[in-house]
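Lettering of chains follows the sequences in order, A, B, ..., and the numbering in each one begins at 1.
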Number of protein chains: 2
Amino acid sequence: MNILEKITQNKAAFSKSERKVAEIILANPQTAIHSSIATLAKMSDVSEPTVNRFCRRLDTKGFPDFKLHLAQSLANGTPYVNRHVDESDGPGEYTNKIFESTMASLEVARQSIDVNTVNRVVDLLTQAQKISFFGLGASASVAHDALNKFFRFNVPVVYFEDILMQRMSCMNCSDGDVVVLISHTGRTKSLVEIAQIARSNDATVVGITSADSPLSKECTYVLSLEVPEDTDMYMPMASRIAQLTLIDVLATGFTLRRGNKFRENLKRVKDTLRGSRFDKRDL
Amino acid sequence: MNILEKITQNKAAFSKSERKVAEIILANPQTAIHSSIATLAKMSDVSEPTVNRFCRRLDTKGFPDFKLHLAQSLANGTPYVNRHVDESDGPGEYTNKIFESTMASLEVARQSIDVNTVNRVVDLLTQAQKISFFGLGASASVAHDALNKFFRFNVPVVYFEDILMQRMSCMNCSDGDVVVLISHTGRTKSLVEIAQIARSNDATVVGITSADSPLSKECTYVLSLEVPEDTDMYMPMASRIAQLTLIDVLATGFTLRRGNKFRENLKRVKDTLRGSRFDKRDL
DNA sequence: ACACCAAATGTAGTAAAATTACAACTTGCA
DNA sequence: TGCAAGTTGTAATTTTACTACATTTGGTGT
């Protein structure tokens, strides 16, 4: 865990002098990591052993070890904590907060992804006769993006924003078709219905949605993304970003998989051509 | 810069013994940060001053300072380096690489954003009579997403995928209208034309595009995102993600500026959606 | 091939930093 | 008031890092 947060949390448990040290470090962590224990003791107006005890209380081996932890907390990237925007924030603040929370959400999403399912879905997609991407509301643009990506692969791809078109499309599904349904909550009624229609027409249904949702129960495969809930009103839907990134992952997997096959194919063509050519040694 | 990369890069410039130290550190950086200079010297089979000189050569103040840098490089999150996917990668690897490069790109984008322009654009949007979002290809889905976000604000928002519709819409622009054009490269001809049409009809044109592009020259305001170029074939378009996040930033700025009354309105929109969803307690 | 110079490396001593053990001081409670 | 538990500081010890200088290595020109 981030040691800066830890200091803030344990603040109550510290003794008076230890708290002095905590204040100084929190106020100026960058200085702290470049100071010796003596300097820091003087700044906090306590003795050196007090600083040392402070470090130990935070489960570090001693002052140098503490500095290491602190340095890591301060390292670029780590402090991507889900910081919420509040009303008093200026443009600089909310810009940074949003970027940082987005990155934090991506990190959480990354860790929650089940690689095996990704692999199976990629497998499925490469073998699909037709791929459909459907989503509603905020997820519609994600489906839209997926269309863009997969369209380049020269595969039959389908995307509709309209519920009725989505339904009709699913009714025409058959064995070998893959329907990818995107929904953060997984509670959108019409999308759940579409999953049922697609399944009853022998299509494989892949859900990019949250686990244990009504939608996930209707899917053949579920790629769940555990993105922190967008509880805050100002909070952007980080889930979309995670979904898009997941689409990127699928598209990449697709390219890699098809790439291999494609290269083998190339080689076979070359071999076939050889017969119609003069060999090098014949020259 | 990440010190681990630095070590790898400068490897050639090192002396024989220094290289020994480099090898040991690269092979086991986690151990290195918890070792004293003496231990590390013994492991590398060199003398202590050699280790010290090694540290100095990397522009650190000495061994402790070097450890600090190393710790930061090893910190969770920092190694979000743009790692490229290669053909031999398995699902686990490419998934991680894509998430990490996306995060890395977001970080770069964050640093490149001009907050003042963000502020001015938010200002503009809050006062706009009508807001249009246009993009083509991959950027179309970003515009689509923007539509979704701003639609909730109960502001007249327009979005078209069709070039002709985009043109016509811009021809009907008037003073007070804001047209947001999204394009990673900023070299899409028809989008540049649309910018010109919109401007000549007194609309304010905001470009979410790269600086110094043809499109940027036609815009009233440019929000440039310096996202690393997607050179690699397997590389996903991280630029879209950055654009989306920027849209989030604008939307958030918009909400903040509009104040309390407006936020109540937002809540009402959310409540309305409830009817189309399965309730949590229904499970 | 040899001598010489410069760069690289190591040795030993020194300075600095961190830790330990213990003493003195608070603080709360009987 | 006095004592016990917890807190803080002092001083000595140990560990760690650094510096100055000596030795070695490798390369270059005669």
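- Residue A:Ser15 places none of its side-chain N or O atoms closer than 4.0 Å to OP1 or OP2 of D:dT7.
- The side chain of B:Thr50 approaches C:dG10 more closely than any other nucleotide in the set C:dA18, D:dA17, C:dG10.
- Contacts of A:Arg56 with the nucleic acid, taken as non-hydrogen atoms under 4.0 Å apart, involve only primed sugar atoms and P, OP1 or OP2.
- If you check C:dT19, D:dT8, C:dA17 against the side chain of A:Ser36, the one that comes closest is C:dA17.
- Distance NZ (B:Lys16) to P (C:dG10): 10 Å, rounded to an integer number of Å.
- The side chain of A:Pro64 sits closest to C:dT19 out of C:dT19, C:dG10, D:dC18.
- Distance A:Asp45 CG to D:dT8 C1': 12 Å, rounded to the nearest Å.
- Checked against D:dG9, C:dT9, C:dT19, the side chain of A:Ser47 finds its nearest nucleotide in D:dG9.
- A straight line from CG of A:Asp65 to C1' of C:dA18 spans 13 Å, rounded to a whole angstrom.
- Atom CD of A:Glu18 and atom P of D:dT7 are 7 Å apart (whole Å).
- Atom C1' of nucleotide D:dT7 and atom CZ of A:Phe54 are separated by 16 Å, given to the nearest angstrom.
- A salt bridge does not link B:Glu23 with B:Lys20: none of the charged nitrogens is closer than 4.0 Å to a carboxylate oxygen.
- Taking all atoms of both residues into account, the shortest heavy-atom contact from A:Asn52 to A:Phe63 is ND2-N, 4.3 Å.
- A:Leu223 pairs in a side chain to side chain contact (heavy atoms under 4.5 Å, CB included) with only one of the listed residues (A:Val249, A:Ile113, A:Thr209, A:Leu250), which is A:Leu250.
- Between B:Lys20 and A:Ile37, the one whose closest nucleotide on DNA chain C sits nearer the 5' end is B:Lys20.
- In this structure the side chain of A:Asn119 reaches within 4.5 angstrom of the side chain of A:Arg257, judged on heavy atoms.
- Atom-to-atom, NE2 of B:His34 to P of D:dT16 comes out at 14 Å; the value is rounded to the nearest Å.
- Using modelled atom types and a 3.5 Å distance limit, the side chains of B:Thr102 and B:Ser105 yield no donor-acceptor pair.
- Comparing D:dG9, C:dG10, D:dC18 by their closest approach to the side chain of A:Val46 singles out D:dG9.
- Atoms CG (B:Asn52) and P (D:dA17) sit 9 Å apart, rounded to a whole Å.
- Mapping A:Pro49 and B:Lys61 onto DNA chain D by nearest heavy atom places A:Pro49 at the nucleotide closer to the 5' end.
- Here D:dT7 presents its C1' atom at 17 Å from CD of A:Glu48, a figure rounded to the nearest Å.
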